[in-house]
Amino acid sequence: MQDSGSLGIITPQVARFDVPLHLKSGAVLDSYELVYETYGELNAARSNGVLICHALSGNHHLAGYYDDNPKSGGWWNNMIGPGKSIDTKKFFVVGVNNLGGCHGSTGPASMNPRTGKYYGAGFPVVTVEDWVKTQVRLADHLGIDQFAAVAGGSLGGMQALQWTLDFPERVRHALVIAAAAKLTAQNIAFNDVARQAIITDPDFYGGDYYSHGMVPRRGLRLARMLGHITYLSDDAMAAKFGRELRNGALAFGFDVEFEIESYLRYQGDKFADQFDANTYLLMTKALDYFDPAFQHSNDLSAAFRAAKANYLVLSFTTDWRFSPERSRAIVKALLDNELNVSYAEITSSHGHDSFLMEDRHYHKLVRAYMDNIGI
Amino acid sequence: MTTSSNVSRPDFAVIAAWVKPGAKVLDLGCGDGSLLCFLRDARNTRGYGVEIDDVNVLACFNNGVNVIQSDLESGLQSFESASFDYVVLSQTLQAVKNTERIIKEMLRVSSEGIVSFPNFGYWKNRLQVMAGHMPISETLPYQWFDTPNIHNCTLGDFEEFCHQHGARILERRVMNRDHPITFMPNLLGMLAFYRFEQQK
């Protein structure tokens with residue numbers, strides 16, 4: 001079960017915050033909880049903290065296992081651990097489930113203390129800026145004034161960027177992987193189809209399905225199936241599934257025939273069993289709303305004027321959901337501000353999902369960058 | 001300043017001597033980033049390298065040098081006009097496909113350009129051509145069929161090129177290993193260095 005460089009058994013912790021949180025939408029949360037995990041040791045100078053921000057369907061469980069359960073490996077086990085690219089012998093790594101999540105942090109499936117009922121549809125829409133605010137409070141709770149690095153892929157990379165904009169004194173390096181400074185119309189379109197699949201599921205009950213004892217499984221499953229297609233590349237799908245038939249012959253019906261159908265349905269089912277539909281809606285909205293250039297007349301370079309961090313920006317050649325072009329736009333804005341930045345475009349066939357995959361060159365780049373971070 | 005790499009890379013020392021302390025430098029085709037390291041240590045410069053090759057990009061990461069992975073041939077769109085003090089093309093000019101475009105881009109993004117290249121007019125090269133073969137030498141180590149050096153030139157060629165393309169040459173150094181060459185440089189020089197700016 002445990003590969004070399006494994007962290008062993010990990011236990012999540014919960015931090016409770018009772019200072020009201022004013023959200024970008026204008027809504028206020030009186031109190032909330034964040035579930036988080038840590039790996040490695042915080043050094044005496046408290047200078048070796050690394051925050052890992054998760055993407056749409058991720059959570060706080062980055063690495064290691066729970067209770068000897070071999071299926072409970074963290075989502076970034078291949079990247080984080082002792083001797084790995086993000087080395088827990090050097091760094092104190094923190095993973096947190098974002099506000100609005102469904103893995104232990106306060107979210108739509110939590111009880112609203114004001115009403116004594118589930119938040120459900122009443123849970124406020126949260127943004128990347130809001131998440132960063134809550135992560136800063138977690139840093140305070142952990143006694144970390146300044147992270148050595150904040151890192152993330154996709155939506156996680158957006159949070160890493162936002163940290164350097166809102167709290168330039170509290171982060172020295174940002175690792176922005178397979179991310180974008182804003183979504184394209186096409187990207188928002190995919191997100192909206194996913195949301196519509198959930199919202200129009202008869203079991204959704206306007207978001208209050210918890211009190212009806214229902215789960216909008218069909219909608220969530222469809223949303224995930226659609227998302228999954230966009231996270232893979234055409235080439236990767238062709239290589240993995242091609243036109244392979246499940247039973248070797250056409251059945252002239254609408255049950256599963258092609259292997260790709262089987263795969264997508266399996267992924268959809270698995271996801272619908274473990275993820276909350278309201279959280280999915282919130283996460284996609286946070287993606288859609290992210291646009292730091294907006295308040296600077298759409299000038300991304302102007303948005304980074306206050307930034308001080310050093311940046312690593314990585315993209316993957318076959319990622320068409322967050323294409324290299326989107327990363328190059330970030331790099332351009334950083335260059336315009338004379339910030340330290342390195343950028344690599346990694347050749348990979350796995351599309352957007354590449355950032356989660358074990359790739360020797362990718363992991364070497366991250367390791368080299370992390371090794372040069374002084375603590 | 002003398003460092004161990006200073007001794008092994010006299011070509012870096014020539015470039016460093018031209019670069020003002022604290023300058024902002026862009027190194028095109030920066031390889032493993034060793035020139036940028038050298039300039040950082042010798043002249044306290046800051047800046048970026050541009051490199052296409054994966055292995056070199058990783059080496060830059062290991063050397064702690066800012067590197068942007070990109071293809072020089074597709075231009076320098078990531079860099080604003082007049083945003084650097086120097087843009088360097090160190091022993092890469094001869095391997096660039098679109099020479100006119102790269103020189104034009106260098107003059108756009110930087111107040112001064114620095115170029116170094118192996119002098120095809122070096123007497124040993126000429127001798128080999130006279131003997132009926134493409135030259136293979138210390139500075140041109142490749143066989144004709146697998147060389148990346150597709151645009152070899154002599155000092156005379158480059159100076160004419162600059163004149164025709166609006167680049168005013170500010171300074172020239174010619175080297176034979178670590179010796180400066182002033183007498184018959186187009187014949188006796190192995191490596192040529194030029195510092196130039198946009199013709200005003």
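The sequence lines fix the lettering, A, B, ..., with proteins before strands; numbering per chain opens at 1.
Within the 4.5 Å cutoff, no side-chain heavy atoms of Phe61(B) are placed close to those of Asp371(A). Using a 4.5 Å cut-off on side-chain heavy atoms (C-beta onward), Leu335(A) and Phe79(B) make contact. Side-chain contact between Val57(B) and Tyr343(A): absent, with no pair of heavy atoms (C-beta onward) separated by less than 4.5 Å.
For Val341(A), the parts lying near chain B are the backbone and the side chain together; criterion is any non-hydrogen pair under 4.5 Å. Asp336(A) touches chain B through its side chain: at least one heavy atom from C-beta onward sits under 4.5 Å away, while N, CA, C and O do not. Of the two parts of Ile373(A), neither the backbone nor the side chain holds a non-hydrogen atom closer than 4.5 Å to a non-hydrogen atom of chain B.
The two residues Val65(B) and Ser342(A) have their closest heavy-atom pair at O-OG, 3.4 Å.
Residue Glu41(A) qualifies as open at atom CD: its count of foreign heavy atoms under 6.0 Å is 12 or below. Summarising the local packing, CG of Asn298(A) is surrounded by more than 12 heavy atoms from other residues, nucleotides or ligands at distances under 6.0 Å. In the displayed structure, Glu325(A) atom CD is contacted under 6.0 Å by at most 12 heavy atoms of other residues, nucleotides or ligands. Other residues, nucleotides and ligands contribute at most 12 non-hydrogen atoms within 6.0 Å of the NZ atom of Lys104(B). No more than 12 heavy atoms of other residues, nucleotides or ligands sit less than 6.0 Å from atom NE2 of His163(B).
Separating the NE2 atom in His361(A) from the CG atom in Asp54(B) is a distance of 3.5 Å, to the nearest 0.5 Å. Annotation: the span from Ser70(B) atom OG to Glu345(A) atom CD amounts to 8.0 Å, rounded to 0.5 Å. If you take NZ on Lys332(A) and CD1 on Ile68(B), they are separated by 12.0 Å, rounding to the nearest 0.5 Å. Atom-to-atom distance recorded for Thr347(A):OG1 and Gln69(B):CD is 7.0 Å, nearest 0.5 angstrom. Rounding to the nearest 0.5 Å places CZ of Arg360(A) at 11.5 Å from CG of Leu58(B).
Every pair passing salt bridge (charged side-chain N to carboxylate O under 4.0 Å, His left out) that includes a residue from residues 155-174 of chain B is listed here, sequence neighbours excluded: Glu159(B)-Arg172(B), Arg168(B)-Glu197(B), Glu171(B)-Arg195(B).
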Does the pair Gln77(B) and Arg328(A) meet the rule for a side-chain contact (heavy atoms from CB on, under 4.5 Å), with working shown?
CA-CA 10 Å; Gln77(B) 294 91 336; Arg328(A) 284 197 293 267; over 6 Å; no

